[in-house]
Amino acid sequence: MRKTILWKDAFQVITHSLGRYIAIILLIGLGTFAFTGLKMAGPDMRATGADFFNKHNLADVTVTSNYGINSTDQMTIRNLSEVKKATSGYFQDVKNKHNNDTLRVFSKSGDLSSYELISGHFPKNRNEIALSYLLKKKYRIGQKITFTKPGILKNKTFKIVGFVKASEFFDKNQIGQTNIGNGRLTGMAVTTPSAFASPVYQVSRVTFKNTQNLSPFSVTYRNRVYHDQDKLQTALNKNRADKHQKYITMYKKQYRKKAAEQMLKRGISVDPAQIKVPKNKIKIAYPSYTISGREESQGYASYRADSERVEVLANVFPVFLFAVAAFVSLTTIMHFVEEERTNIGTLKALGYSNGTIAIKFLLYSTSAAILGVILGASFGGYTFLPDLIIKAYLASSTLGTGYEINFAWGPLLISLLVALISTTVISIFTLHQTLREQPSALLLPKPPKNGSRILLEHWSGLWNHMSFSAKVTARNIFRYKSRMLMTIIGVAGCTGLLVMGFGIRDSLQGIGGIQYSDIQKNDVIALRSSNVTKKEQNKLDNLLKEKDIKQSNAIQYQQLTKHIASSGSTENVMLMVPKSNKNFKKSINLRERQSKKKISLSNDGVVISEKLANILNVKKGSTITLTNSHGKKYRFKVSAICEMYLGHYIFMNQKEYRKTIGNYHVTMRKRSLINKVSRQLVKTAAIETVVSNSSNKNLLGSFTGSLNEVIFILILISGMLAIVVIYNLTNINVAERIRELSTIKVLGFYDNETTMYIYRETIILSIIGIIVGFGFG
């Protein structure tokens with residue numbers, strides 16, 4: 001019977017202070033909502049991607065070669081013990097005759113890297129073609145499309161019979177580079193293998209045995225692919241010499257035949273085998289193989305990085321959110337125990353044990369914690385917030401809307417543990433101090449603190465000019481020091497979170513301008529073809545002198561790689577070697593990030609970008625090792641570290657790198673001329689393709705746009721937290737001083753004066769908290 005009364009009293013305490021109880025639930029709920037939502041968004045994104053890859057059996061690597069994939073190469077790939085399955089296919093880059101769209105047309109693959117039919121049907125003969133679903137607004141089923149210079153395609157004109165999604169293309173905005181048009185692909189298409197006429201394949205798709213049942217986003221997967229890829233590269237490189245000799249022999253045979261025909265026209269009959277081929281006439285590039293893992297595919301690495309970035313936010317943002325909630329809950333629970341002081345004394349006098357008395361407080365605090373966690377997790381932590389975040393990131397991905405929302409116990413249990421520490425543990429600790437006192441002492445009201453002069457009173461010049469209300473406010477602020485500190489800390493925490501959210505957003509938005517206006521001033525990088533005739537070079541030189549082009553700088557441009565075993569990632573590093581250091585400064589502004597000090601290319605060492613230095617954990621004077629596409633390793637001494645926000649770069653002068661200058665940094669007079677000049681550059685045939693900084697800037701913009709939505713959600717949560725914190729602390733303030741407020745109303749204070757009696761302190765403390773929060777944020 002006695003326990004029944006105690007339980008009733010415990011529940012009545014909740015209903016009598018419902019506002020305060022709900023405030024604690026909301027505080028815990030907001031923290032749980034942010035933590036579980038951010039923690040689950042990353043795994044949900046990766047699970048969605050993994051299912052998509054498994055559904056389409058996405059290849060681990062793709063193999064291409066400048067001479068195609070012949071039967072010997074196919075046999076080498078299939079015979080490698082690490083290879084599980086390999087398929088080969090064709091592709092050709094073409095340009096639409098009626099507009100500037102450039103498409104990469106693939107032969108329909110087998111069961112590796114398959115295509116998903118969005119509408120219509122797959123091509124059934126060599127006259128039919130299916131386009132990327134991203135082009136549905138520009139083309140329609142049944143329409144005819146005609147290509148200029150179809151290359152190895154047998155037909156120029158195709159009938160569009162469907163729209164497909166390619167599993168190899170993961171980013172809507174970055175399809176890839178090409179050597180036609182303006183250097184950038186507009187989209188992709190697929191047709192039947194019979195539509196191609198080529199003695200060799202253009203691409204082989206490969207899956208490895210030891211990557212099965214691994215998460216494609218795991219470090220283990222990336223490391224295994226890297227090692228198998230390296231073995232495959234070594235095996236294929238053994239074919240290079242024979243292939244080179246074969247093409248030399250073929251070229252010589254063609255040269256002799258043509259020469260014999262020309263001599264026959266002159267009336268001279270000669271055996272082609274007797275004709276000697278001049279060495280300077282043999283311009284056969286050495287065969288090379290390029291093996292690209294999923295990390296090199298458009299959008300794959302970005303998607304993985306995005307999912308990991310969200311989890312980084314989950315390790316930072318909710319920590320401060322929970323910290324603020326814990327501080328405010330501490331004040332609330334301490335006040336609750338102080339309010340129940342007389343009741344505790346009564347129960348102790350009636351013979352209730354300390355454990356029995358504690359039930360009321362444990363019920364109050366524990367139920368608030370559990371309900372807060374349930375509220376935060378069920379009303380959006382596992383569904384709404386991950387849904388918003390995933391949608392934001394999928395906006396630039398070809399994955400579509402078929403994403404997964406999963407459940408995991410980890411974030412929920414961590415949230416519950418933090419919530420119980422913030423409420424139950426604190427209530428037990430506070431209650432323990434009170435239960436140590438005797439019932440006789442508890443039945444008496446707690447004596448008020450002795451009055452004391454505050455610091456302002458010693459400043460008589462200011463104190464004497466203050467109004468009565470201002471003096472009361474000043475004294476009350478310092479009279480309740482714990483509440484003062486909690487208000488300042490609570491508001492500062494919320495403000496700090498808001499400032500952090502806005503700061504991240506503003507910092508990211510400014511990166512594009514710094515990267516592509518202050519640091520990289522060139523508009524495009526024009527990559528020179530391997531074999532350029534004198535006529536083609538003259539045509540290019542004349543174009544670079546035209547009025548549309550502000551300046552151009554010749555550079556050596558080469559891609560190197562660095563595998564990071566700890567993360568499993570293979571970082572692409574762009575090597576740049578200018579012909580003229582003086583002109584190079586007009587294209588790339590090499591400087592230190594913090595001091596803005598200019599950096600010159602020295603004769604002893606190289607300059608690397610700051611992010612690359614951080615990833616490799618190197619500093620000035622360190623030595624780094626990078627690998628080229630053929631597996632050859634190079635060692636470089638770091639002479640300086642430069643500011644760079646997108647991509648990894650290494651810069652050196654001619655004395656550090658002795659090779660033929662082959663590429664150009666080109667800056668236009670107007671940004672609107674980029675597409676026009678890019679087409680003209682590729683058209684010269686001396687330029688293989690063009691890499692535009694504007695497309696990279698758009699890529700950065702799409703990333704920051706996705707993150708902006710996430711940051712907006714976090715800012716909204718911070719604002720809601722601030723409202724709950726101010727409400728809760730004001731509620732405690734009013735409850736503690738209800739008799740004081742009654743007294744001043746009896747003394748004749750108007751309602752607005754009575755209101756400001758409380759709110760004046762809250763406003764002052766909030767302003768102090770905001771100031772502190774700005775520095776903290």
With distance as the sole test, does [X] use its side chain to make a donor-acceptor pair with the main-chain N or O of [Y] at under 3.5 Å?
| X | Y | answer |
| --- | --- | --- |
| Thr423 | Ala369 | no |
| Arg46 | Phe217 | no |
| Arg224 | Asn210 | yes |
| Thr424 | Ile421 | no |
| Ser218 | Leu214 | no |

Do [X] and [Y] make a side-chain contact, defined as non-hydrogen atoms from C-beta onward lying under 4.5 Å apart?
| X | Y | result |
| --- | --- | --- |
| Phe52 | Lys165 | yes |
| Lys611 | His648 | yes |
| Leu616 | Ile564 | yes |
| Ser367 | Tyr21 | yes |
| Thr495 | Val772 | no |
| Ser113 | Asn57 | no |
| Pro216 | Arg294 | yes |
| Ile764 | Ile768 | yes |

Report task. Salt-bridge test for Glu571 and Lys562: reply yes if a basic N is under 4.0 Å from a carboxylate O, no otherwise. Result ->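 Salt bridge between Glu571 and Lys562, a charged N being under 4.0 Å from a carboxylate O: no.
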
Query raised in the report: Around atom CD of Gln212, are there more than 12 heavy atoms of other residues, nucleotides or ligands at under 6.0 Å?
Result: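 For Gln212, atom CD is crowded (more than 12 foreign heavy atoms under 6.0 Å).
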
Query - More than 12 heavy atoms from other groups under 6.0 Å of CG on Asn752 - result: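 Atom CG in Asn752 is packed in, count exceeds 12.
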
For [X] and [Y], work out which heavy atoms get closest and say how close.
| X | Y | value |
| --- | --- | --- |
| Ile28 | Ala419 | CG2-CB, 3.5 Å |
| Pro386 | Asp44 | CB-OD2, 3.8 Å |
| Leu58 | Ser167 | CD1-O, 3.6 Å |
| Gly376 | Thr36 | O-OG1, 4.3 Å |
| Ile25 | Ala368 | CG1-O, 3.7 Å |
| Met644 | Ser609 | CB-CB, 3.6 Å |

Drop me the distance from [X]'s [atom1] to [Y]'s [atom2], to the nearest 0.5 angstrom.
| X | Y | atom1 | atom2 | answer |
| --- | --- | --- | --- | --- |
| Ser378 | Phe33 | OG | CZ | 11.0 Å |
| Ile370 | Ser365 | CD1 | OG | 9.5 Å |
| Asn572 | Leu612 | CG | CG | 11.0 Å |
| Ile24 | Tyr364 | CD1 | OH | 4.5 Å |
| Thr32 | Leu416 | OG1 | CG | 8.5 Å |
| Thr366 | Phe361 | OG1 | CZ | 12.5 Å |

Query raised in the report: Parallel, tilted or perpendicular: which fits the ring planes of Tyr226 and His563, with parallel below 30° and perpendicular above 60°?
Result: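 Rings of Tyr226 and His563: parallel, as their planes differ by under 30°.
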
Requested in this report: Report the C-alpha separation of His56 and Glu168 in whole Å, then their side-chain angles, then the decisive distance to 0.1 Å, and conclude whether the side-chain contact (heavy atoms from CB on, under 4.5 Å) test is met.
Outcome: CA-CA 9 Å; His56 295 283; Glu168 291 179 321; over 6 Å; no

Requested in this report: Kindly determine whether Met40 and Phe35 satisfy side-chain contact (heavy atoms from CB on, under 4.5 Å), including the steps that lead there.
Outcome: CA-CA 8 Å; Met40 291 307 301; Phe35 181 70; over 6 Å; no

